[in-house]
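Along the sequence shown, residues carry numbers from 1. Because the structure is predicted, anything quoted here is derived from the model rather than measured.
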Amino acid sequence: VNEFCVSPPDLYYANVNGLIPGGYNNLIKGDQSPCTKDIESLRYRELDGRCNHPKDYGSTLKPLKRYLPADYHDEKGWNTPRLYSVVGNVALPSPRLISWKLFPDISINSDLSMFTMQFGQFLSHDIGVAPVPTSPNHTITCCQVSSRYMNRDCFPIPIPKGDPRFQKCMEFVRSEAAKDDDGNQINPREQLNALTSFVDSSTIYGSNLGTSLRLRTENGKGALLLTTLIHGKERLPNDTSSPPACLRTESPTSYCQLSGDGRVNQQPVLSTQHLSFHLYHNYIVRQLAKGILKRKGFKTSPAHVEKYIKTVSEKVKEMLFQEARKIVGAIFQKIAFCDYLPYIVGPELIVKFDLGCDTRSKYNPHIDPRIANGFLAGAYRFGHTLISNSYTVNGAEEFFKDEFFIPDSSIDSHEDIIAGMLNTSKGVHFDRFFANGITEHLFETKVGPKKALDLASVNIQRGRDHGIPAYLHWRKKYNLRPLTDFEDFSKQCSQILSQLYRNIYDVDLYPGGICEPSVTRGVVGETFGHIIADQFSDLKFGDRFFFTHVHQYPQGFNDDQLAAILDFSSNALLCFSGKLSVIQENTWLKVSPDNPLVPCSTFDQIDVQPWVRELVDHHYF
Ligand code: HEM
Ligand SMILES: [Ca+2]
């Protein structure tokens, strides 16, 4: 295979589509038949998210839902993206013009750490990705193709005159349209989610059974996840699929990493999140095995533990795997909902949407746990403004633009990237300034600058592709103060927006939301904040397996188990995985006099005894 024929955009969309040559059309759709299991008696989640919601909402490869009806331009409002102003025949501004004028690269320092950006992306890769059609092994080309031969899903972004960076046209393909059982497009057009919407660590274990089995030892039957030893250090397993899932280099240790979400190789700091939870799974398996041996009165040396894990029956191996997966899932939910989210949406919205972690919650089968389109194609892309141009490894500056889909740095320097991530923050600030590493150089690695993309333009075009209603409709939905004039935007934004758009009702959700000031003690503005809190509330109350739900045997967690999960923090995980000796108290912020470094021993690793007791006493083992 000639790897250099595969370009980063090819890789991005191929990885999204599960690396199946031929793209979505050849995707392993998995078993799409309804759940037939007795849900109440399930102790573990299904890998593909079925058997959770009564209608299997939230399972893999189902259409997204909507908080507001789709806004398409054609007569029936079914399919064509919004292209004109509400006042008539004036074209909406090109997304690239908006990005160029509104989102320049000015780096404003903030007290946030890069971990805030990185965890956000990792979380988004657990809950949603909208597949884009591809031709075999490659993305569909739309630019410089005459309209007669252009693929019907082409929706290239026009480049405005005088653009300092691009010429004429930027590639863009519309997201796959959802189809009904007879293969006809659903109207109005709806997009798909290729992942389980639940915050269930599908980034680590996969969103279907096939991926999950590839990641496990002993040909999919072992309790441990596969690892690769590089210079004596454990790394993610080698993805040997062909064509390769990343860009390999001449380095002898260069390989493509395999994990639960195909985008694992997209950039090195992202890879470190995958490896952290991946290794934590194996740590928990060993802790469980040790605890079980001890409770049964057997020897518990590392060698005995290792032997036990390898020699117990297949049934016990499966239980060890699933139990560790269940605990990792809960730990991830704890960090996402209890630690990260309050920082993003601020304490007021946490209260308003009942997202606090201090009391037991209750599952509600009437809540729809699917990902909403305005969240995925709009609000939750807020994180793109937190991206900086570079990250630090051992004090050296590495640029994202040089490393898209080249995982070498994460394979060589996982621990140093974690240490650097906790204390770098250049540009990690919620504002209208975007790093040019993503607005001018996205995915240009190896194919050269000509094929680069602008992520901010793509976000705006994606919003139109998905029929996301304009910004002001979202404020209305959440009863937020109506804006009547461009002047109602912040000073700088009002001037730029009024030059770009004809009417205030034309302003797309993405630039509108980015222009808002942060909410009190949060990162995002109030409109994005409401959409995000609304979505996470659905992901909590609509998830039968959510970790704080009232204990229902055998699904939930008893009081001791819940206490152990609530005791766990991102500090403990990062200390473990980065092999750190000290870490700041608040990992979302940089080190400062108010946020000092403290010894890692302050943060306990997860105590699995509450599970050992339950499992042994209920004769699981
Ligand atoms: C260096 C970091 C990142 C890079 C290079 C990156 C890149 C991308 C790209 C290329 C897309 C696909 C755009 C499209 O075709 O529509 C995307 C989508 C998305 N990104 Fe990011 N991203 C990064 C960080 C983040 C962060 C920090 C967040 C949130 C906190 C985030 C949230 C999302 C969401 C929600 C989507 C939509 C997924 C989908 O619908 O398929 N990303 N990102
Ligand atoms: Ca998931």
Quiz item: When the aromatic ring centroids of Tyr340 and Phe115 are compared, is their separation below 6.0 Å?
Solution: no
Quiz item: Going by an N to O cut-off under 4.0 Å, is there a salt bridge joining Asp153 and Arg189?
Solution: yes
Quiz item: For the rings on Phe332 and Phe119, is their centre-to-centre separation under 6.0 Å?
Solution: yes
Exercise. For the residue pair Phe277 and Phe122, categorise the inter-ring angle as parallel (less than 30°), tilted (30 to 60°) or perpendicular (more than 60°).
Key: parallel
Self-check item: Ion pair check, Arg165 and Asp454, cut-off under 4.0 Å
Solution: no
Quiz item: Does one side chain, of Thr249 or Asp408, offer a donor that lies under 3.5 Å from an acceptor on the other?
Solution: yes
Quiz prompt | Asp111 bridged to Lys590 by N-O distance under 4.0 Å | solution = no
Quiz item: Among Gln273, His274, His125, whose side-chain hydrogen bond (donor to acceptor under 3.5 Å, both in side chains) with Ser259 holds?
Solution: His274
Quiz item: Considering residues at least two apart in sequence or located in another chain, which fulfil the side chain to side chain contact (heavy atoms under 4.5 Å, CB included) criterion with Asn436?
Solution: Asp105, Asn389, Thr439, Glu440, His441
Quiz item: Using the ring of each side chain (for Trp, its six-membered ring), is Phe443 parallel, tilted or perpendicular to Phe405, with breaks at 30° and 60°?
Solution: tilted
Quiz item: Is there any ring pair (Phe, Tyr, Trp, His ring centres under 6.0 Å) pair reaching into residues 492-527, and which pairs are they, with sequence neighbours excluded?
Solution: His473-Tyr505
Quiz prompt | Pairs involving residues 62-87, ordered by first then second residue, that meet ring pair (Phe, Tyr, Trp, His ring centres under 6.0 Å) (sequence neighbours left out) | solution = His73-Tyr84
Quiz item: Which one of Val132, Leu376, Asp465 satisfies the side-chain contact (heavy atoms from CB on, under 4.5 Å) criterion with Gln191?
Solution: Asp465
Quiz item: Which of parallel (below 30°), tilted (30 to 60°) and perpendicular (above 60°) describes Tyr478 and His530?
Solution: tilted
Quiz item: Do Arg370 and Tyr57 meet the cation-pi criteria used here (NZ or CZ under 6.0 Å from the six-membered ring centre, within 45° of the axis)?
Solution: yes
